[in-house]
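Chain identifiers are assigned alphabetically (A, B, ...) following the order of the sequence lines, protein sequences preceding nucleic acid strands; residue numbering begins at 1 within each chain. Values in this document were obtained by computation on a predicted structure and should not be read as measured data.
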Amino acid sequence: MSDNITESTVPKNFIAAIIEKDNETGKYDGRVATRFPPEPNGYLHIGHAKSICLNFGLAKGFGGTCNLRFDDTNPSKEEVEYVDSIKEDVHWLGFDWDDRLFYSSDYFDQLYAFAVQLIKDGKAYVDSLSAEEIREYRGTLTEPGKDSPYRTRSIEENLDLFERMKNGEFADGEHLLRAKIDMASPNVIMRDPALYRIRKVDHHRTGDKWCIYPMYDFTHCVSDSLEKITHSVCTLEFENNRPLYDWVLENLGIYRPQQIEFARLNLTYTVMSKRRLIQLVEEGHVSGWDDPRMSTISGMRRRGYPAAAIRNFCERIGVAKATNMVDFALLEFSVREELNAHSPRYMGVINPLKVVIENYPDDKTEEFEFQNNPEDPEAGTRMVPFSKILYIERDDFMEDAPKKFFRLAPGREVRLRYAYYIKCTDVIKDENGEVIGTALYL
RNA sequence: AGGGACAUCGUUCAAUUGGCAGGACAGCGGAUUCUGGUUCCGUCAAUCAAGGUUCGAGUCCUUGUGUCCCUGCCA
């Protein structure tokens, strides 16, 4: 872990307000349980940091818990490399899930049993329409859909078909388990959403045990329920899915958390969609997920951004439901602020210009005490040698200097920090008239 | 003639729930500075529109307008 989070104040945002109210009414007996549920299909980026800080911050602020749960229900896109990087990034950001590390795939058996329960209750059925047909039957945003001819299959037939789906008797796409809700619902999400699909690929954790996998809408709410989450915080694009979240839990008759949506982070000049990020990596435009130019947590870490800076940034941007576009300058401010307060200062000369102190003894060497960080006396000091010949940055010297140039120039006197004042009395050039050094006196 | 959500300084988040619209970033001006950094002070700047209720509206009501999300067997 990069550093510790010392403060744990109660967050101030609309979600915290909801939690406070729930605590007052005793809705969850004062219990607060959140979760950060990434799909391990890529590296975490600064947008995830907002969600991490929110979920872990809410838990910490209210004395509750926050689980880390990998939403791994789409084996064709997920890899262990991603789960490893996600764990590392969350830790580095300064948060800890303790022993509460979960995977949606942990619940595959339970999920299957729940699906069977829905079938037995006549609330789910096996559809045998093709993907294209299902799309046609779904209707459009302005027109209602129509029932699949397989919607009225008997419970026995559905049970048999679903079991055979699980046993691998069918090819991908041949059958689909759907919730029986309402094909005419104005909310397209509710038009008999898919619950389970056949996908004959190995899962990074369950291997070839399963060839049917539960969909997000069926998995996420059940996972939240099993983990006794109180406030299921997610981004705005899931607003349309909330009725389905509630429908599944209600019809299963199990514990029901409440889903709360907030606006995801958008940053100026910054690519943040996972699709684009993965494209940059795969097409070799960057050196990897942790390329310093990437908006990933690992990229920012490699770039030198302190975790505390990212946390402060997330604190400053706030949490709301309005679509936003945060100025990158705010992130940079947070980084500078943190770096300024904690970074030791060192010197480096990238493009050297030789300086000879003409009236300084040839063989003398002195050492001066430099502060490692003037902002922080605790950072200590270090000794830096000084002698007749030294090198300065070329940009710090100008032969024809304008008045506003405060660095070294012919006839000008400057102070070498922590050392002497020097004055430029001569300029030495090579045969091409190029400056190769300056001669100075104390 | 679909449904859902959102709308406050340039940006972002607030506003004790009907009582003087505030902070941060960005911008501008100045002071300090052995880092052209930092710090400090000052300053500019907003309630989407039109009606209505009220002593009083960012907040409540009505009607508009604009933006975002939803037609994956992705999450």
Quiz item: For B/U32, does the glycosidic angle fall within 90° of 0 (syn) or outside that (anti)?
Solution: anti
Self-check item: Residues A/Glu337 and A/Arg316 bridged, charged N to O under 4.0 Å
Solution: yes
Practice problem: Could you tell me whether A/Pro374 contacts a base, only the sugar-phosphate backbone, or nothing, with contacts defined as non-hydrogen atoms closer than 4.0 Å? | Solution: base
Practice problem: For the pair A/Tyr213 (side chain) and A/Trp210 (backbone), establish whether a donor and an acceptor sit closer than 3.5 Å, ignoring hydrogens and angles. | Solution: yes
Self-check item: Residues in contact with RNA chain B, drawn from residues 381-406 of chain A - heavy-atom cutoff 4.0 Å
Solution: A/Lys404, A/Phe405, A/Phe406
Quiz item: Can you tell me how far C1' in B/C25 sits from the matching atom in B/U17, rounded to whole Å?
Solution: 28 Å
Quiz item: Is any side-chain N or O of A/Arg199 closer than 4.0 Å to OP1 or OP2 of B/C74?
Solution: yes
Quiz item: Separation of A/Leu236 atom CG from B/A75 atom C1', in whole Å?
Solution: 15 Å
Quiz item: For atom P, what is the distance between B/C48 and B/G10, given to the nearest Å?
Solution: 12 Å
Quiz item: If you look at every strand shown and take non-hydrogen atoms under 4.0 Å, does A/Ile134 touch a base, only sugar-phosphate, or nothing?
Solution: base
Quiz item: Separation of A/Asn373 atom CG from B/U39 atom P, in whole Å?
Solution: 12 Å
Quiz item: Between B/A26, B/G72, B/C70, which nucleotide has the shortest distance from any of its atoms to the side chain of A/Val188?
Solution: B/C70
Quiz item: Taking the P atom of each, how far is B/A45 from B/G64, in whole Å?
Solution: 35 Å
Exercise. Measure from the side chain of A/Ala320, starting at C-beta and using heavy atoms only, and say which of B/A14, B/C73, B/C74 lies closest.
Key: B/A14
Quiz item: Closest nucleotide of RNA chain B for A/Asn74 versus for A/Val326: which of these residues is on the 5' side?
Solution: A/Val326
Exercise. Return yes if some donor-acceptor pair links the side-chain N/O of A/Asp72 with the main-chain N/O of A/Ser105 below 3.5 Å, else return no.
Key: yes
Self-check item: G-U wobble or Watson-Crick pairing nucleotide for B/U43 (cut-off 3.5 Å, both distances)
Solution: B/G27
Quiz item: Under 3.5 Å, is there an N or O donor on one side and an acceptor on the other linking the side chain of A/Arg345 and the base of B/U35?
Solution: yes
Quiz item: Taking the C1' atom of each, how far is B/U16 from B/A1, in whole Å?
Solution: 43 Å
Exercise. Indicate syn or anti for B/G66, taking the glycosidic torsion and treating anything within 90° of 0 as syn.
Key: anti
Quiz item: With both distances kept under 3.5 Å, what pairs with B/U67, Watson-Crick or G-U wobble?
Solution: B/A5
Exercise. Classify the side chain of A/Arg407 versus the base of B/G36 as yes if they form a donor-acceptor pair under 3.5 Å and no if they do not.
Key: yes
Exercise. May I ask you to verify if any side-chain N or O of A/Arg138 is less than 4.0 angstrom from the OP1 or OP2 atom of B/C73?
Key: yes
Exercise. Taking atom P in both B/A21 and B/U33, compute the distance separating them and give it to the nearest angstrom.
Key: 40 Å
Exercise. Using atom CD1 of A/Ile189 as one end and atom P of B/A75 as the other, report the distance to the nearest whole Å.
Key: 12 Å
Quiz item: For A/Lys354, does the NZ atom have more than 12 heavy-atom neighbours from other residues, nucleotides or ligands under 6.0 Å away?
Solution: no
Quiz item: A/Glu332 CD to B/U11 C1': how many Å, rounded?
Solution: 14 Å
Quiz item: In whole Å, what is the span from the OH atom of A/Tyr245 to the P atom of B/C70?
Solution: 20 Å
Quiz item: Applying the salt bridge (charged side-chain N to carboxylate O under 4.0 Å, His left out) test to A/Asp192, which of A/Arg138, A/Lys146, A/Lys180, A/Arg151 qualifies?
Solution: A/Arg151
Quiz item: With sugar-phosphate meaning primed atoms plus P, OP1 and OP2, does A/Ser343 contact a base, only sugar-phosphate, or nothing at under 4.0 Å between heavy atoms?
Solution: nothing
Quiz item: Any sub-3.5 Å donor-acceptor pair from A/Thr25's side-chain atoms to A/Asp22's backbone N or O?
Solution: yes
Practice problem: For A/Glu337 and for A/Pro214, locate the closest nucleotide of RNA chain B by heavy-atom distance; then report the residue assigned to the nucleotide nearer the 5' terminus. | Solution: A/Glu337
Practice problem: Answer yes or no for A/Lys209 and A/Phe108: cation-pi contact, defined as NZ/CZ to six-membered ring centre under 6.0 Å and angle to ring axis within 45°. | Solution: no
Exercise. Check every atom of B/C74, B/G72, B/U11 against the side chain of A/Arg135 and return the nucleotide holding the closest atom.
Key: B/G72
Exercise. May I have the distance from A/Leu244 (atom CG) to B/A75 (atom C1'), rounded to whole angstrom?
Key: 13 Å
Practice problem: Select one nucleotide: of B/C68, B/A24, B/A26, the one nearest the side-chain heavy atoms of A/Arg316. | Solution: B/A24
Quiz item: Quick one: A/Tyr418 OH to B/U35 C1', roughly how many Å, whole number?
Solution: 8 Å
Quiz item: With respect to A/Phe70, which candidate in A/Tyr107, A/Tyr82, A/Tyr103, A/Trp97 satisfies the ring-ring contact (aromatic ring centres under 6.0 Å, His included) definition?
Solution: A/Tyr103
Quiz item: Nearest to the side chain of A/Asn324 - B/G37, B/A5, B/U12?
Solution: B/U12
Quiz item: Looking at B/A75, B/G4, B/C25, which one has an atom nearest to any side-chain atom of A/Glu239?
Solution: B/G4
Exercise. Would you mind telling me which of B/C73, B/A26, B/U71 lies closest to the side-chain atoms of A/Ala131?
Key: B/C73
Practice problem: Quick one: look up who B/U33 pairs with, Watson-Crick or G-U, both distances under 3.5 Å, and put none if it's unpaired. | Solution: none
Quiz prompt | Qualifying salt bridge (Lys or Arg N to Asp or Glu O under 4.0 Å) pairs with a residue from residues 217-243 of chain A, counting only residues at least two apart or across chains | solution = A/Arg35-A/Asp224, A/Arg69-A/Asp224, A/Arg69-A/Glu227, A/Glu237-A/Arg264, A/Glu239-A/Lys321, A/Arg242-A/Glu261
Quiz item: If you measure from the C1' atom in B/C28 to the same atom in B/C70, how many Å do you get, rounded?
Solution: 45 Å
Quiz item: If you take atom types as modelled and just measure distance, does the side chain of A/Glu375 reach the base of B/G37 with a donor-acceptor pair under 3.5 Å?
Solution: yes
Quiz item: Are the charged groups of A/Arg197 and A/Asp172 less than 4.0 angstrom apart, N to O?
Solution: no
Self-check item: Distance, rounded to the nearest Å, where A/Lys12 contributes NZ and B/A24 contributes C1'
Solution: 15 Å
Quiz item: Which nucleotide sits closest to the side chain of A/Arg336: B/A75, B/C25, B/A26?
Solution: B/A26
Self-check item: Polar side-chain contact A/Asn240-B/G3 base: donor and acceptor under 3.5 Å
Solution: yes
Self-check item: Under-4.0 Å side-chain N/O to phosphate OP1/OP2 contact, A/Thr73 with B/A75
Solution: yes
Self-check item: Candidates A/Phe386, A/Phe368, A/Phe370 - the one meeting ring-ring contact (aromatic ring centres under 6.0 Å, His included) with A/Tyr418
Solution: A/Phe370
Exercise. With the side chain of A/Ala322 defined as its heavy atoms from C-beta on, choose the nearest nucleotide among B/C73, B/A7, B/C68.
Key: B/A7
Quiz item: Can a side chain N or O of A/Arg417 be found less than 4.0 Å away from OP1 or OP2 on B/U33?
Solution: no
Quiz item: Does A/Glu315 CD have over 12 foreign heavy atoms under 6.0 Å away?
Solution: no
Quiz prompt | Nearest-nucleotide pick for A/Leu141, side chain only, options being B/C70, B/U11, B/C74 | solution = B/C70
Quiz prompt | B/C73 - base-pair partner by Watson-Crick or wobble geometry, distances under 3.5 Å | solution = none
Quiz prompt | Pairwise C1' distance, B/G22 and B/C44 [rounded to whole Å] | solution = 16 Å
Self-check item: Pairwise C1' distance, B/U12 and B/C20 [rounded to whole Å]
Solution: 24 Å
